[in-house]
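Below is one structure, written out as structure tokens; comments come after it.
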Amino acid sequence: MIGRHSLNGRDAGAGTLEYAAVLLLVSAIFGVVITSAIPSTVSGGIRTAICRILGESNCGVAPQASDPYEPQQDCWTDVTDRTVEGMLTVDVRYVAVRVAHRVTITTRRVLHPDGTVTWDVIVSPNVEAGVSTPGILSNRVIDPLAWAVLQGTAGKIYSFNASDYGGDEKKAKEAAQRYADKLWINQAQDDALFAVEAGTPIIQNLRYIPGAKNVINATNNVIKGGANWLMKVTSPITKHLPMIGDNIDRATKAPHRDVNKPDQHFIEGGPSIGWNLDVNAIPGMLSFWSAGRGFVNAGVRYNNNSDKYYKNEYFKINGETDAAFNLSAKVLLPTSAEKAVSAGLDKYIARIEGLLSQKSGSQVAIPSATKASLKLIWPMGGLDIKGKAARMFMLSRDKQGNPTQLRIVTETQWVFSWRALSGADQNLASGRQNVAVGFVQGSIAGRKYNTQSILDLDGPEHAENLKQAKNFLTGMGLNALTHPINAVRDFTNSSPEAKKFSAYIDQNGQTYQQIWDSNVTTFVGFGKTISGGKYVRFLPVYEPETNKLVGAQYKTPQGWKPWTHCQR
């Protein structure tokens with residue numbers, strides 16, 4: 001018997017004639033197999049034998065057939081958002097003017113179909129301006145607020161490929177996180193410089209002098225460069241600061257990269273309306289709070305690294321709502337504990353008086369009215385439930401302008417949280433009142449769902465897909481002009497036409513869903529000043545959010561199947 005080792009060159013005594021005989025035998029068997037009508041089980045066995053004689057691996061193991069419905073798409077396994085927001089409303093004659101600025105920095109782990117990993121960093125600065133209901137509708141028991149604004153976002157996406165770091169995903173993640181912190185610092189500096197210019201008319205007006213704009217921009221760059229240099233030099237000390245120290249330390253070690261050359265960039269905008277309602281059912285004891293808002297956004301995203309999906313035009317509708325109740329610690333705590341908390345607050349105030357007196361060299365006493373106001377909004381605890389929903393249609397085009405893909409995205413999220421808040425309500429002379437409230441809330445449980453349906457439109461093999469997509473989108477567009485309600489039903493997949501198109505995508509495209517555990521922590525400060533019946537409100541917010549993948553599945557004619565690749 002001729003062993004496999006003979007054909008692998010391990011039998012030095014085998015002669016040329018023996019090898020020739022083996023090759024002739026193998027050739028004869030192979031010829032019989034491919035020309036005769038031998039049953040498949042027999043021919044398969046012969047093929048396996050030939051495979052083993054020739055020293056091949058995986059002999060007799062049939063290749064696994066790929067599921068045509070399994071997504072060949074990127075999967076997001078880890079998404080972290082950090083949002084900072086500031087809002088200001090100022091009463092004018094019959095309405096209030098509302099302005100807000102929000103910046104979100106996102107780091108996202110992307111698992112590609114070929115198994116490679118990329119960490120994306122996304123910066124999304126948003127501004128809004130519009131009108132709000134005036135404060136004259138408010139009183140000490142109920143405080144309603146409604147607004148309508150125009151808002152816009154200009155964002156950038158930077159990708160860090162593990163392959164650029166020798167395949168080390170940990171290094172790619174560290175680079176992304178450091179760069180995200182650098183973008184935080186850059187954005188803060190840009191906002192600060194803009195605030196100085198906007199608040200200083202003489203500087204703002206200089207921009208209209210020929211050549212002065214370039215000088216101002218150059219000056220700003222020098223200021224930012226000096227600030228970055230100072231930050232780097234002092235980072236061994238500033239890294240110990242609470243909350244921001246670690247961010248500063250990482251930002252100074254961020255990889256060098258031109259912020260003006262992102263991998264992708266996008267711009268979007270549209271109208272937004274919202275409302276807010278505070279009800280002090282029992283002032284200082286029991287209160288209810290609710291809020292909600294909706295966005296309509298049209299936008300375009302450019303993928304600078306892809307010729308096929310270069311331009312992505314989209315339209316989306318977002319909505320969110322929030323409801324909470326707050327119960328005073330006087331109710332939650334036993335009498336003894338409540339007295340202890342009250343005594344602790346008295347001692348804290350006395351300690352502040354002592355420090356002020358020590359620094360000033362004279363006796364300083366906080367007015368009794370102020371002390372009373374500090375106790376009026378007693379430390380309170382409560383529960384909050386928040387829900388979000390969004391739906392988007394995105395049409396991708398190549399660099400020549402030809403449609404290549406239609407993507408429909410539906411996203412929902414719910415978060416159940418605890419909350420704790422406290423503050424001061426102070427009545428001053430001449431009809432003035434100051435209110436300051438701060439609260440923090442953190443997740444008890446939360447889930448986020450992202451479902452995407454994709455239909456390829458490029459090439460002659462997808463001609464029918466292109467026809468179906470064109471017919472549906474054209475019909476939805478015409479409905480928007482003539483029958484808006486029907487257009488909304490088309491967009492939300494509740495009309496017969498939308499359901500038919502959705503079924504077509506299920507058969508001829510790909511539909512998949514990713515599920516994340518959501519953890520959201522929110523830090524909010526709220527201030528309100530009332531003078532002469534006019535209100536000024538401000539609302540700073542910091543909200544970090546993490547989403548960890550816990551499930552993924554895709555749709556087939558037989559139902560949903562686990563998307564195992566995504567869960568690696």
Side-chain angles (χ1 to χ4, degrees), residues 79-90 96-108 120-132 145-158 179-195 197-198 247 259-260 262-276 291-302 312-322 386 388-392 394 409 411 413 448 520-526 537-545 547:
V79 183
T80 299
D81 296 324
R82 290 178 292 167
T83 300
V84 171
E85 180 177 4
M87 181 275 295
L88 176 69
T89 64
V90 180
V97 175
R98 175 186 172 96
V99 292
H101 181 39
R102 179 173 59 253
V103 180
T104 299
I105 303 287
T106 301
T107 53
R108 178 175 67 189
D120 286 347
V121 178
I122 308 168
V123 54
S124 307
N126 173 277
V127 293
E128 64 179 50
V131 295
S132 171
L145 193 68
W147 68 86
V149 298
L150 290 176
Q151 50 81 35
T153 301
K156 298 176 181 178
I157 303 175
Y158 305 84
Y179 202 72
D181 287 314
K182 175 181 172 61
L183 294 181
W184 266 120
I185 300 298
N186 287 345
Q187 187 67 47
Q189 291 176 341
D190 286 339
D191 291 343
L193 291 171
F194 174 80
E197 291 180 11
N247 304 93
V259 295
N260 296 313
D263 294 277
Q264 301 180 53
H265 63 279
F266 58 93
I267 183 168
E268 63 181 44
S272 176
I273 59 174
W275 53 272
N276 186 95
R293 70 182 300 170
F295 303 82
V296 175
N297 274 322
V300 59
R301 175 168 57 86
Y302 292 92
N312 304 274
E313 303 157 324
Y314 57 90
F315 181 84
K316 64 179 180 180
I317 298 178
N318 304 43
E320 59 184 66
T321 186
D322 211 346
K386 177 185 289 187
K388 295 183 178 181
R391 187 166 172 85
M392 177 178 73
M394 175 184 283
V409 183
E411 191 166 271
Q413 182 185 32
K448 190 173 185 177
V520 184
T521 305
T522 307
F523 301 90
V524 178
F526 173 71
R537 309 165 189 262
F538 57 92
L539 183 77
V541 178
Y542 173 59
E543 187 173 75
E545 174 181 335
N547 293 282

Using the side chain to side chain donor-acceptor pair (under 3.5 Å) criterion, which residues pair with [X]? Sequence neighbours excluded.
| X | value |
| --- | --- |
| Gln151 | Asn126, Asn297 |
| Tyr302 | none |
| Asn312 | Ser396 |
| Asn276 | Trp289 |

With a 4.5 Å heavy-atom cut-off, do [X] and [Y] have their side chains touching?
| X | Y | value |
| --- | --- | --- |
| Pro540 | Phe523 | no |
| Lys388 | Asn318 | no |
| Pro262 | Ile157 | no |
| Val84 | Gln187 | no |
| Met394 | Val409 | no |

Would you confirm whether Thr89, through its side chain, and Val97, through its main-chain N or O, come within 3.5 Å as a donor-acceptor pair?
->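 Answer holds: no.
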
Rounded to the nearest 0.5 Å, what's the gap from [atom1] on [X] to [atom2] on [Y]? Could you check?
| X | Y | atom1 | atom2 | value |
| --- | --- | --- | --- | --- |
| Asn260 | His265 | CG | NE2 | 11.5 Å |
| Leu145 | Trp275 | CG | CH2 | 11.5 Å |
| Ile122 | Ile105 | CD1 | CD1 | 9.5 Å |
| Leu183 | Arg82 | CG | CZ | 9.5 Å |
| Asp181 | Asn186 | CG | CG | 11.0 Å |
| Glu545 | Thr521 | CD | OG1 | 9.5 Å |

Taking only residues two or more places apart in sequence or in another chain, which ones pass salt bridge (charged side-chain N to carboxylate O under 4.0 Å, His left out) with [X]?
| X | result |
| --- | --- |
| Arg98 | Glu128 |
| Asp81 | none |
| Lys156 | none |
| Glu320 | none |

For [X] versus [Y], what's the shortest heavy-atom pair and its separation?
| X | Y | result |
| --- | --- | --- |
| Phe266 | Ser124 | CZ-OG, 3.6 Å |
| Ala154 | Pro125 | O-CD, 3.1 Å |
| Ala298 | Phe315 | CB-CD1, 4.2 Å |

Can you name the residues that form a side chain to side chain contact (heavy atoms under 4.5 Å, CB included) with [X], not counting sequence neighbours?
| X | value |
| --- | --- |
| Val90 | Leu88, Val536 |
| Val524 | Phe439, Thr522, Leu539, Val541 |
| Pro271 | Leu150, Val296 |

When you look at Phe295 and Lys316, which way does the side chain to side chain contact (heavy atoms under 4.5 Å, CB included) test go after all the steps?
-> CA-CA 8 Å; Phe295 303 82; Lys316 64 179 180 180; over 6 Å; no

Under the ring-ring contact (aromatic ring centres under 6.0 Å, His included) rule, collect the residues that match up with Tyr179, sequence neighbours excluded.
-> Tyr158, Phe160

Do Glu543 and Lys386 meet the salt-bridge criterion of a basic N to acidic O distance under 4.0 Å?
-> yes

For side chain to side chain contact (heavy atoms under 4.5 Å, CB included), just list the numbers for Val149 and Arg293, CA-CA rounded to whole Å, side-chain angles, deciding distance to a tenth of an Å, and then say yes or no.
-> CA-CA 11 Å; Val149 298; Arg293 70 182 300 170; 4.3 Å; yes

Where do Val79 and Thr106 land on the side chain to side chain contact (heavy atoms under 4.5 Å, CB included) test, with the steps shown first?
-> CA-CA 7 Å; Val79 183; Thr106 301; 3.9 Å; yes

